[in-house]
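Comments concern the structure below.
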Protein chains: 2
Amino acid sequence: MTSKAEVARTWTVGELADELGVTTRTLRFYEAEGLITPQRAGANRIYSQRDHARMRLIQRGRRFGMTLGECREIVDMYDGAESSEQRQLQTLLARLDEIATDLRARQADLRRTLGEVTDVAAQCRARLTELGD
Amino acid sequence: MTSKAEVARTWTVGELADELGVTTRTLRFYEAEGLITPQRAGANRIYSQRDHARMRLIQRGRRFGMTLGECREIVDMYDGAESSEQRQLQTLLARLDEIATDLRARQADLRRTLGEVTDVAAQCRARLTELGD
DNA sequence: GTCGTGCTTGACGTTTACGTCAACGTAAGG
DNA sequence: CCTTACGTTGACGTAAACGTCAAGCACGAC
(Lines give C-alpha, C1' and ligand atoms only; values in the text may rest on other atoms or scores of the structure.)
Protein backbone atom coordinates (compact mmCIF):
# COMPACT_ATOMS: atom_id res chain seq x y z
CA MET A 1 0.00 0.00 0.00
CA THR A 2 3.02 2.30 0.38
CA SER A 3 3.52 4.26 -2.83
CA LYS A 4 7.04 4.83 -4.08
CA ALA A 5 6.60 8.54 -3.42
CA GLU A 6 6.10 8.24 0.36
CA VAL A 7 9.03 6.75 2.19
CA ALA A 8 7.84 4.52 5.01
CA ARG A 9 8.40 6.36 8.25
CA THR A 10 10.43 4.77 11.01
CA TRP A 11 11.35 5.64 14.56
CA THR A 12 14.19 5.03 16.97
CA VAL A 13 13.32 3.96 20.52
CA GLY A 14 13.61 7.44 21.88
CA GLU A 15 11.57 8.99 19.12
CA LEU A 16 8.76 6.49 19.43
CA ALA A 17 8.80 6.67 23.21
CA ASP A 18 8.46 10.44 23.06
CA GLU A 19 5.67 10.32 20.54
CA LEU A 20 3.68 7.73 22.46
CA GLY A 21 4.34 9.15 25.89
CA VAL A 22 6.01 6.06 27.24
CA THR A 23 9.57 5.27 28.27
CA THR A 24 12.11 3.35 26.24
CA ARG A 25 11.99 0.76 28.98
CA THR A 26 8.36 0.16 28.19
CA LEU A 27 9.09 -0.37 24.49
CA ARG A 28 11.86 -2.83 25.20
CA PHE A 29 9.69 -4.61 27.75
CA TYR A 30 6.83 -4.97 25.29
CA GLU A 31 9.26 -6.36 22.77
CA ALA A 32 10.54 -8.90 25.28
CA GLU A 33 6.92 -9.88 25.87
CA GLY A 34 6.35 -10.36 22.17
CA LEU A 35 3.91 -7.49 21.72
CA ILE A 36 6.01 -5.67 19.15
CA THR A 37 8.89 -6.85 16.97
CA PRO A 38 10.94 -3.92 15.67
CA GLN A 39 13.60 -4.42 13.02
CA ARG A 40 17.25 -3.89 13.73
CA ALA A 41 19.86 -1.64 12.19
CA GLY A 42 22.92 -3.25 13.61
CA ALA A 43 22.10 -3.37 17.29
CA ASN A 44 19.66 -0.47 17.22
CA ARG A 45 15.93 -0.94 17.03
CA ILE A 46 13.95 0.46 14.14
CA TYR A 47 10.24 0.81 14.68
CA SER A 48 7.92 0.68 11.68
CA GLN A 49 4.46 2.11 11.19
CA ARG A 50 3.13 -1.34 11.98
CA ASP A 51 4.88 -1.25 15.37
CA HIS A 52 3.51 2.24 15.88
CA ALA A 53 -0.03 1.10 15.12
CA ARG A 54 0.28 -1.90 17.40
CA MET A 55 1.48 0.32 20.19
CA ARG A 56 -1.54 2.59 19.84
CA LEU A 57 -3.82 -0.41 20.07
CA ILE A 58 -1.96 -1.68 23.10
CA GLN A 59 -2.17 1.68 24.81
CA ARG A 60 -5.89 1.83 24.23
CA GLY A 61 -6.29 -1.64 25.63
CA ARG A 62 -4.31 -0.67 28.69
CA ARG A 63 -6.51 2.35 29.27
CA PHE A 64 -9.42 -0.06 29.53
CA GLY A 65 -7.64 -2.10 32.14
CA MET A 66 -6.61 -4.96 29.89
CA THR A 67 -3.49 -6.91 30.76
CA LEU A 68 -0.61 -7.06 28.30
CA GLY A 69 -1.61 -10.63 27.52
CA GLU A 70 -5.10 -9.54 26.52
CA CYS A 71 -3.64 -6.69 24.52
CA ARG A 72 -1.40 -9.08 22.65
CA GLU A 73 -4.33 -11.33 21.89
CA ILE A 74 -6.19 -8.44 20.31
CA VAL A 75 -3.37 -6.91 18.29
CA ASP A 76 -2.49 -10.35 16.99
CA MET A 77 -6.05 -10.70 15.76
CA TYR A 78 -5.77 -7.65 13.57
CA ASP A 79 -2.94 -9.41 11.79
CA GLY A 80 -4.57 -12.81 11.58
CA ALA A 81 -7.75 -11.51 10.01
CA GLU A 82 -6.58 -11.58 6.40
CA SER A 83 -4.41 -14.57 5.80
CA SER A 84 -5.81 -17.35 7.93
CA GLU A 85 -7.57 -20.53 6.96
CA GLN A 86 -11.17 -21.40 7.56
CA ARG A 87 -10.72 -23.05 10.95
CA GLN A 88 -8.65 -20.19 12.27
CA LEU A 89 -11.02 -17.61 10.90
CA GLN A 90 -13.91 -19.25 12.69
CA THR A 91 -12.25 -19.35 16.09
CA LEU A 92 -11.04 -15.81 15.52
CA LEU A 93 -14.54 -14.69 14.67
CA ALA A 94 -15.95 -16.37 17.75
CA ARG A 95 -13.39 -14.62 19.92
CA LEU A 96 -14.15 -11.30 18.27
CA ASP A 97 -17.82 -11.72 19.07
CA GLU A 98 -16.97 -12.42 22.68
CA ILE A 99 -14.90 -9.28 22.81
CA ALA A 100 -17.63 -7.22 21.16
CA THR A 101 -20.12 -8.49 23.73
CA ASP A 102 -17.77 -7.56 26.52
CA LEU A 103 -17.25 -4.12 25.06
CA ARG A 104 -20.97 -3.52 24.84
CA ALA A 105 -21.31 -4.52 28.48
CA ARG A 106 -18.62 -2.01 29.31
CA GLN A 107 -20.47 0.65 27.37
CA ALA A 108 -23.58 0.07 29.45
CA ASP A 109 -21.48 0.10 32.59
CA LEU A 110 -19.87 3.35 31.55
CA ARG A 111 -23.22 4.91 30.80
CA ARG A 112 -24.46 4.04 34.27
CA THR A 113 -21.31 5.36 35.87
CA LEU A 114 -21.47 8.59 33.96
CA GLY A 115 -25.12 8.97 34.88
CA GLU A 116 -24.35 8.55 38.54
CA VAL A 117 -21.46 10.97 38.43
CA THR A 118 -23.54 13.65 36.77
CA ASP A 119 -26.29 12.96 39.32
CA VAL A 120 -23.95 13.57 42.21
CA ALA A 121 -22.69 16.67 40.45
CA ALA A 122 -26.26 17.86 40.11
CA GLN A 123 -26.80 17.34 43.82
CA CYS A 124 -23.72 19.39 44.48
CA ARG A 125 -24.96 22.19 42.30
CA ALA A 126 -28.33 22.10 44.01
CA ARG A 127 -26.72 22.35 47.43
CA LEU A 128 -24.53 25.19 46.21
CA THR A 129 -27.34 27.34 44.85
CA GLU A 130 -29.25 26.56 48.03
CA LEU A 131 -26.33 27.85 50.06
CA GLY A 132 -25.66 30.69 47.66
CA ASP A 133 -28.82 32.62 48.58
CA MET B 1 -34.54 5.81 55.24
CA THR B 2 -34.90 2.30 56.65
CA SER B 3 -38.47 1.74 57.79
CA LYS B 4 -39.05 -0.16 61.00
CA ALA B 5 -40.63 -2.96 58.97
CA GLU B 6 -37.50 -3.78 56.95
CA VAL B 7 -34.58 -4.87 59.03
CA ALA B 8 -31.31 -3.54 57.59
CA ARG B 9 -29.54 -6.42 55.93
CA THR B 10 -26.02 -7.26 56.97
CA TRP B 11 -23.35 -9.73 55.84
CA THR B 12 -20.49 -11.64 57.33
CA VAL B 13 -17.19 -11.66 55.44
CA GLY B 14 -17.86 -14.98 53.83
CA GLU B 15 -21.38 -14.06 52.80
CA LEU B 16 -20.38 -10.77 51.26
CA ALA B 17 -17.38 -12.31 49.56
CA ASP B 18 -19.58 -14.97 47.98
CA GLU B 19 -22.16 -12.48 46.86
CA LEU B 20 -19.61 -10.14 45.30
CA GLY B 21 -17.42 -12.84 43.82
CA VAL B 22 -14.31 -11.85 45.74
CA THR B 23 -12.32 -13.52 48.50
CA THR B 24 -12.43 -12.64 52.16
CA ARG B 25 -8.82 -11.60 51.78
CA THR B 26 -9.90 -8.93 49.35
CA LEU B 27 -12.48 -7.55 51.76
CA ARG B 28 -10.03 -7.41 54.64
CA PHE B 29 -7.44 -5.82 52.36
CA TYR B 30 -9.84 -3.13 51.22
CA GLU B 31 -10.68 -2.43 54.84
CA ALA B 32 -6.99 -2.09 55.70
CA GLU B 33 -6.72 0.35 52.81
CA GLY B 34 -9.62 2.38 54.15
CA LEU B 35 -12.03 1.64 51.32
CA ILE B 36 -14.67 0.08 53.53
CA THR B 37 -15.24 0.26 57.26
CA PRO B 38 -17.44 -2.60 58.46
CA GLN B 39 -18.80 -2.65 62.01
CA ARG B 40 -17.73 -5.27 64.49
CA ALA B 41 -19.66 -7.82 66.52
CA GLY B 42 -16.97 -8.74 68.97
CA ALA B 43 -14.07 -9.52 66.70
CA ASN B 44 -16.20 -10.42 63.70
CA ARG B 45 -16.87 -8.01 60.88
CA ILE B 46 -20.41 -7.00 60.04
CA TYR B 47 -20.91 -5.48 56.60
CA SER B 48 -23.79 -3.06 56.08
CA GLN B 49 -25.67 -2.12 52.93
CA ARG B 50 -23.45 0.91 52.74
CA ASP B 51 -20.37 -1.31 52.65
CA HIS B 52 -22.09 -3.43 50.04
CA ALA B 53 -22.83 -0.42 47.87
CA ARG B 54 -19.29 0.89 48.20
CA MET B 55 -17.95 -2.48 47.16
CA ARG B 56 -20.08 -2.48 44.03
CA LEU B 57 -18.75 0.94 43.12
CA ILE B 58 -15.20 -0.19 43.78
CA GLN B 59 -15.65 -3.27 41.64
CA ARG B 60 -16.96 -1.21 38.79
CA GLY B 61 -14.05 1.15 39.06
CA ARG B 62 -11.65 -1.76 39.02
CA ARG B 63 -13.22 -3.13 35.87
CA PHE B 64 -12.31 0.14 34.21
CA GLY B 65 -8.72 -0.17 35.27
CA MET B 66 -8.83 2.28 38.15
CA THR B 67 -6.44 1.80 41.03
CA LEU B 68 -7.78 1.30 44.53
CA GLY B 69 -6.71 4.83 45.33
CA GLU B 70 -8.82 6.23 42.52
CA CYS B 71 -11.70 4.01 43.58
CA ARG B 72 -11.48 5.33 47.11
CA GLU B 73 -11.52 8.88 45.84
CA ILE B 74 -14.75 8.23 43.98
CA VAL B 75 -16.64 6.31 46.63
CA ASP B 76 -15.68 8.94 49.17
CA MET B 77 -17.25 11.56 46.93
CA TYR B 78 -20.61 9.88 47.05
CA ASP B 79 -20.54 10.38 50.79
CA GLY B 80 -19.23 13.92 50.76
CA ALA B 81 -21.90 15.19 48.39
CA GLU B 82 -24.55 15.91 50.98
CA SER B 83 -23.00 17.28 54.11
CA SER B 84 -20.07 19.40 52.99
CA GLU B 85 -19.54 23.10 53.10
CA GLN B 86 -19.37 25.50 50.19
CA ARG B 87 -15.61 25.28 49.62
CA GLN B 88 -15.61 21.51 49.72
CA LEU B 89 -18.64 21.29 47.49
CA GLN B 90 -16.92 23.43 44.90
CA THR B 91 -13.72 21.40 44.77
CA LEU B 92 -15.82 18.23 44.77
CA LEU B 93 -17.87 19.54 41.89
CA ALA B 94 -14.76 20.47 39.94
CA ARG B 95 -13.37 16.99 40.45
CA LEU B 96 -16.65 15.43 39.39
CA ASP B 97 -16.58 17.42 36.18
CA GLU B 98 -13.07 16.21 35.49
CA ILE B 99 -14.19 12.65 36.03
CA ALA B 100 -17.22 13.11 33.80
CA THR B 101 -15.01 14.50 31.06
CA ASP B 102 -12.70 11.53 31.39
CA LEU B 103 -15.62 9.14 31.25
CA ARG B 104 -16.94 10.74 28.08
CA ALA B 105 -13.51 10.38 26.51
CA ARG B 106 -13.57 6.73 27.45
CA GLN B 107 -16.97 6.36 25.86
CA ALA B 108 -15.65 7.73 22.59
CA ASP B 109 -12.64 5.46 22.86
CA LEU B 110 -14.87 2.49 23.49
CA ARG B 111 -17.05 3.35 20.53
CA ARG B 112 -14.00 3.44 18.27
CA THR B 113 -12.70 0.19 19.64
CA LEU B 114 -16.03 -1.54 19.23
CA GLY B 115 -16.27 -0.22 15.70
CA GLU B 116 -12.88 -1.60 14.82
CA VAL B 117 -13.62 -4.96 16.36
CA THR B 118 -16.84 -5.32 14.44
CA ASP B 119 -15.00 -4.23 11.31
CA VAL B 120 -12.44 -6.97 11.70
CA ALA B 121 -15.25 -9.41 12.41
CA ALA B 122 -16.93 -8.28 9.19
CA GLN B 123 -13.73 -8.92 7.27
CA CYS B 124 -13.60 -12.38 8.75
CA ARG B 125 -17.16 -13.10 7.72
CA ALA B 126 -16.44 -11.83 4.22
CA ARG B 127 -13.41 -14.09 3.90
CA LEU B 128 -15.44 -17.00 5.24
CA THR B 129 -18.28 -16.68 2.77
CA GLU B 130 -15.68 -16.19 0.07
CA LEU B 131 -14.05 -19.45 1.10
CA GLY B 132 -17.37 -21.15 1.72
CA ASP B 133 -18.37 -21.26 -1.98
C1' DG C 1 41.25 12.86 22.17
C1' DT C 2 37.23 13.41 24.97
C1' DC C 3 32.70 15.11 25.72
C1' DG C 4 27.94 14.54 25.30
C1' DT C 5 24.12 12.06 23.44
C1' DG C 6 21.73 8.03 22.41
C1' DC C 7 21.68 3.36 21.89
C1' DT C 8 22.57 -1.61 23.79
C1' DT C 9 21.99 -5.59 27.31
C1' DG C 10 21.64 -7.27 31.86
C1' DA C 11 20.22 -7.29 36.64
C1' DC C 12 17.95 -5.93 40.50
C1' DG C 13 14.25 -2.84 42.79
C1' DT C 14 9.37 -1.33 43.34
C1' DT C 15 4.40 -0.79 43.51
C1' DT C 16 -0.18 -2.74 43.34
C1' DA C 17 -3.40 -6.06 44.59
C1' DC C 18 -4.00 -9.45 46.31
C1' DG C 19 -2.79 -15.15 47.51
C1' DT C 20 -1.26 -18.26 50.87
C1' DC C 21 0.01 -20.10 54.81
C1' DA C 22 0.25 -20.28 60.14
C1' DA C 23 -1.65 -20.11 64.60
C1' DC C 24 -5.39 -19.13 67.17
C1' DG C 25 -10.55 -18.27 69.02
C1' DT C 26 -15.48 -19.68 69.04
C1' DA C 27 -20.04 -21.42 68.25
C1' DA C 28 -22.79 -25.45 66.61
C1' DG C 29 -23.48 -30.39 65.94
C1' DG C 30 -22.95 -35.32 66.96
C1' DC D 1 -15.43 -33.84 74.40
C1' DC D 2 -14.13 -33.66 69.68
C1' DT D 3 -14.68 -32.22 65.10
C1' DT D 4 -16.12 -29.02 61.62
C1' DA D 5 -16.96 -24.54 59.93
C1' DC D 6 -16.17 -19.95 60.13
C1' DG D 7 -13.96 -16.15 61.94
C1' DT D 8 -9.52 -13.46 63.57
C1' DT D 9 -4.52 -11.29 62.99
C1' DG D 10 0.09 -11.49 61.17
C1' DA D 11 3.61 -12.55 58.13
C1' DC D 12 5.39 -13.81 53.98
C1' DG D 13 4.88 -14.87 48.83
C1' DT D 14 3.74 -13.52 44.08
C1' DA D 15 2.48 -11.82 39.30
C1' DA D 16 2.29 -7.78 36.45
C1' DA D 17 4.35 -3.81 34.66
C1' DC D 18 7.43 -1.40 34.62
C1' DG D 19 11.66 1.83 37.15
C1' DT D 20 16.37 2.23 37.99
C1' DC D 21 20.91 1.60 37.92
C1' DA D 22 25.40 -0.28 35.74
C1' DA D 23 28.60 -0.98 32.13
C1' DG D 24 29.54 -0.60 27.63
C1' DC D 25 29.50 0.69 22.34
C1' DA D 26 29.02 4.30 18.51
C1' DC D 27 29.10 8.66 16.62
C1' DG D 28 29.28 13.62 15.78
C1' DA D 29 30.99 18.08 17.89
C1' DC D 30 34.66 20.71 19.67
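Just the heavy atoms: all of them, side chains too, but no hydrogens, waters or symmetry mates, feed the values below. All chains are named by letter (A, B, ...) in the order of the sequence lines, taking the proteins before the strands, and each is independently numbered beginning at 1.
Rounded to a whole Å, the CZ atom of R25(B) is 11 Å from the C1' atom of dT9(D). A straight line from CG of L16(A) to P of dT8(C) spans 12 Å, rounded to a whole angstrom. For the pair F29(A) CZ and dT20(D) C1', the computed distance is 15 Å after rounding to whole Å. Distance CZ (R63(A)) to C1' (dA17(D)): 17 Å, rounded to an integer number of Å. dA17(C) atom C1' lies 17 Å from atom CE of M66(B), rounded to whole Å. Residue W11(B) contributes atom CH2, which lies 15 Å from atom P of dG7(D) at whole-angstrom precision. As rounded to whole Å, 11 Å separates atom P of dA17(D) from atom CD1 of I58(A). Going from atom CZ of R45(A) over to atom C1' of dA26(D) covers 16 Å, rounded to whole Å.
Residue T67(A) is in sugar-phosphate contact alone, with no base atom involved, counting any heavy-atom pair closer than 4.0 Å across all strands shown. Using a 4.0 Å heavy-atom criterion, one finds that R28(B) contacts the bases of the nucleic acid, with or without backbone contacts as well. No engagement by T24(B) is indicated, since no non-hydrogen atom pair under 4.0 Å with the nucleic acid exists.
Applying the 6.0 Å contact sphere to CZ of R87(B) captures no more than 12 heavy atoms from other residues, nucleotides or ligands.
Distances shown here put every side-chain N or O of T23(B) at or beyond 4.0 Å from the OP1 or OP2 atom of dC18(C). Considering only side-chain N and O atoms, T26(A) lies nowhere under 4.0 angstrom from the phosphate OP1 or OP2 of dA17(D).
Remark: side-chain polar atoms of D51(A) are paired, donor with acceptor, to backbone N or O of S48(A) under 3.5 angstrom. Put simply, the side chain of R95(B) never gets that close to the backbone of E73(B): no donor and acceptor are under 3.5 Å apart. Judged by distance alone, the side chain of E70(A) and the main-chain N or O of T67(A) form a donor-acceptor pair under 3.5 Å.
A salt bridge does not link E31(B) with R28(B): every distance from a Lys NZ or Arg NE/NH1/NH2 to an Asp or Glu carboxylate oxygen is 4.0 Å or more. Salt bridge status for E116(B) with R56(A): absent, with no side-chain N to carboxylate O gap under 4.0 Å. Under a 4.0 Å N-O distance rule, the pair D109(A)/R106(A) does not qualify as a salt bridge.
Taking the side chain of R62(A) as heavy atoms from C-beta on, and the options dT8(C), dT8(D), dA17(D), the nearest nucleotide is dA17(D). Listed candidates were dA17(C), dC18(D), dG7(D). Nearest to the side chain of L68(A) is dC18(D).
Within residues 30-44 of chain B, the residues having any heavy atom closer than 4.0 Å to DNA chain D are, in order of number, R40(B), A43(B), N44(B).
If you find the closest nucleotide of DNA chain C to E15(A) and to G69(B), the one lying nearer the 5' end belongs to E15(A).
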